[in-house]
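A short write-up of the structure that comes next.
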Amino acid sequence: MASLPSFPSTTTFQPEPSLLQKLSSIASLPAQKNASSQSISFHRNPLTTQLNGATEQKRYIDFREALSLIRRGTKFKSQVYHPLLQHCIDKNSVSEAEILHAHMIKTGTQEQFFLMTALVNVYAKCGDMKSARKVFDNLPRRNVIAWTTLMSGYVQNSRPESAVEVYREMLESGSLPTGHTLGIALNACSALNLLDLGRQFHAFIIKYKIAHDPSVGNALCTFYSKFGCLKSAVETFKGIEEKNVISWTAIITACGDSSDAASGLRFFIEMLKEDVNPNEFTFTAVISLCSVLLALDTGAQVHSLAIKLGYESNIQIINSIMYLYLKSGRIDEAQNFFNRLESVSMVTWNAVIAGHAQAIDVAKDELLAHRSGTEALRNYFHLNRSVLKPDLYTLSSIFTVCGKILAAEQGEQIHAHTIKTGFLSDVVVGTALVNMYSKCGSVERASKAFLEMSTRTMISWTAMISSFAQHGWSTQALQLFEDMRLAGVKPNQITFVGALAACSHARMVNEGLRYFEMMRKEYRIRPLMDHYGCMVDLYVRLGRIDEAFNVVKKMDFPPNEFIWLVLISGCRDQGNEEIGFHAAQQLLKLKPKDPQIYSILLNYYASAKSWEDVSRLKELMKEEKIGILEDWSWISIKDKVHSFKTSIQRAPGNAGTLRLLDELLDKARSHGYMTHAAMEVNNEVREEEMEHDHYSSASAANHSERLAVAFGLLNIQTDAPIRVNKNTRMCRDCHSFIKIVSSMSSREIIVKDSWRIHRFANGQCSCGEFCGLV
DNA sequence: CTAGGGTTAG
């Protein structure tokens, strides 16, 4: 989802001590032998004991042993069939089911009603609803169980409307539903997004007072949470008389779906206190809550509990724990889990790719972030060459990745290969594509992708509005905002960030105020950090620093670093030292350990010629042992990444690039380009500033992005844009310089710095003449 | 001896 400007906020979950105690006391129990339900039912089963099979592998051999008997036409006792049928479900094998089916017919077993019902189930579970229906239609009689089996098959095979139809048939034939039937019916309603029909089933459930029955209550609980009513889900859960592990898993999942992951964890604790053993479903759900909360420690404890309970090699659990580690930025640990997997499924690939996409956001610096993104791409191409193929989850993740790391070439390539798959008609994939083009600097392609979408959600509209706003197409952004409202789609807080950003970019103060009020009054959205940020930005762009500061004073929570930075930038332009120095102090208080903040503040104080502050900051840096942030830029050309660092710029291999850079600088000067230092600092203090050379604008000529841009000019074909990534914020000098370079060379230059994207063309930048550069 | 409720990825 696009947010603009990006004011990240993360909440971390702090587990209560009692929780940890409970978890660790359970985790320290002696390890149990594998407790998966499969092996238990296996040992109880007469045939499996008889055929001496204990693992998946051996059961497969069992089926082959049975095959010879089948060929001889030996008549089986009915209980012999059940493990064989189960085998077909486990292997998802229609062909083996057909062999059994033929054998049943040959030996006259099809007269056995229960077995044929089981066969309906087998075909349904293997995805062959045609055969399932055929067997059902040939049943000698029909009871509610048979009807329910058929309904369940349709729901599981994404045909909920047929399930509802079967329910009607059942009533007409005179059978009455049981709790199981109603549970499936409710699932069908969720899948069809039919709240009203669900309510009818609900009324039925109330009338017969069966919500306390776990098979009804569990389904009802899930039904409510799918329709966004966690409260009712919790009430239903509380009313279930004999809560089983499924009930607990249902309520934990419901909390996660309703973005109340912390409550989900509390239910998990309660479940442990009630001595209900979680199973593999519960563990995957709980670990996924931990990834939402970025609670790695808690997740690791839950995982160790899972291991104690015998789920060490459960693939689903490993998938979710791997995702948690990736999302927490612990790539090496995640890799270890990946290596331990025996078989890799689509879920695994998608967890790996989505996990790396998340790791980009938590990476300590831009270079690590870029590495995660590259790793996601590597996995994507690996998957593409394997027997499995990317699906809609993979695609939405990979487009997100391309946008985050400015991998426009790969993104376009993947887009082109995806067109024929039909996945682009998925609304999430389409929205991801809009975001990708937007973040890669092409608002035109983003807009094209948006128009090509067959359906749009509020998130799609928001992505496009934010995209227009980000690129300075304010009129289009606001027009689209109005179109969205006309289409009856309700904007959320992020949509308003887009609208307000458009206003601030175009310096439309009345419009900005109007949307701010509309958001509060009409949509009852409480202004958040980003909304205030836009308003501050708006006044700052107009040079009305006092009013910008008034916005800050009116906020009912402390401003973040982005707001102070915008204010400082404006104060630098307006020479407002009273507010500027105050903002600088607040910024330092807020981020006392951030090396980039120091270099920005040193730059600011130097521009204001406040040398005492400069010395004070440098002392502070020594005391706090804060180093100088390494300034990197990189550019990828044909899958190869070329990186540049300010301090090693004079490396011998760069001679040609450096020559071009010198030429450009000379030419720019003749076009009137001047460093800000040259404009602001008079000759007497100039020398003193040189002493602070590393932080000041005086050294901007060496900044890494200039070298990367020059390298791009030499090595990228003339009709393609030059895309540069940078790990810190651009300074004003480089911003002005690249603007001029874009017009001198008639090239489009896109620079993604650690704050936002700048698209330079014809001597202009998409961020506007002002963009919080200090 | 036949059905069911819960799971991971965007």
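In what follows, chains carry the letters A, B, and so on, assigned in the order in which the sequence lines appear, proteins first and then strands, with residues in each chain numbered from 1. Computed from a predicted structure; not experimentally measured. Scope of the values below: all heavy atoms of this structure, side chains included, with no hydrogens, waters or symmetry mates.
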For [X] and [N], what is the distance between atoms [atom1] and [atom2] respectively, to the nearest whole Å?
X	N	atom1	atom2	answer
A:Leu150	B:dG4	CG	C1'	15 Å
A:Leu115	B:dT2	CG	P	9 Å
A:Leu85	B:dC1	CG	P	16 Å
A:Ile205	B:dG4	CD1	C1'	13 Å
A:Met151	B:dT2	CE	C1'	16 Å

Next on the checklist: What contact category does A:Lys243 fall into here, base, sugar-phosphate, or nothing, at under 4.0 angstrom with non-hydrogen atoms?
Outcome noted: nothing

Checklist entry - Aromatic ring centroids of A:Tyr380 and A:Trp349 under 6.0 Å? => result no

Next on the checklist: So that I know where these two stand, are A:Phe283 and A:His303 an aromatic pair - ring centroids less than 6.0 Å apart?
Outcome noted: no

Checklist entry - How does protein contact run along nucleotides 5-10 of chain B, one letter per nucleotide 5' to 3', with B for base contact, S for sugar-phosphate only, - for none, heavy atoms under 4.0 Å? => result BBBBBB

Item to check | Sub-4.5 Å side-chain heavy-atom contact between A:Phe113 and A:Asn143 | outcome: yes

Checklist entry - Would you say a side-chain N or O of A:Asn121 is under 4.0 Å from OP1 or OP2 of B:dA3? => result yes

Item to check | Distance-only polar pair, side chains of A:Asn435 and A:Ser438, donor-acceptor under 3.5 Å | outcome: no

Checklist entry - Sub-3.5 Å donor-acceptor pair from the side chain of A:Ser131 to the main-chain atoms of A:Asp128, do we have one? => result no

Checklist entry - Hey, which of A:Trp147, A:Phe204, A:Phe201 is the one that makes ring-ring contact (aromatic ring centres under 6.0 Å, His included) with A:Tyr167? => result A:Phe201

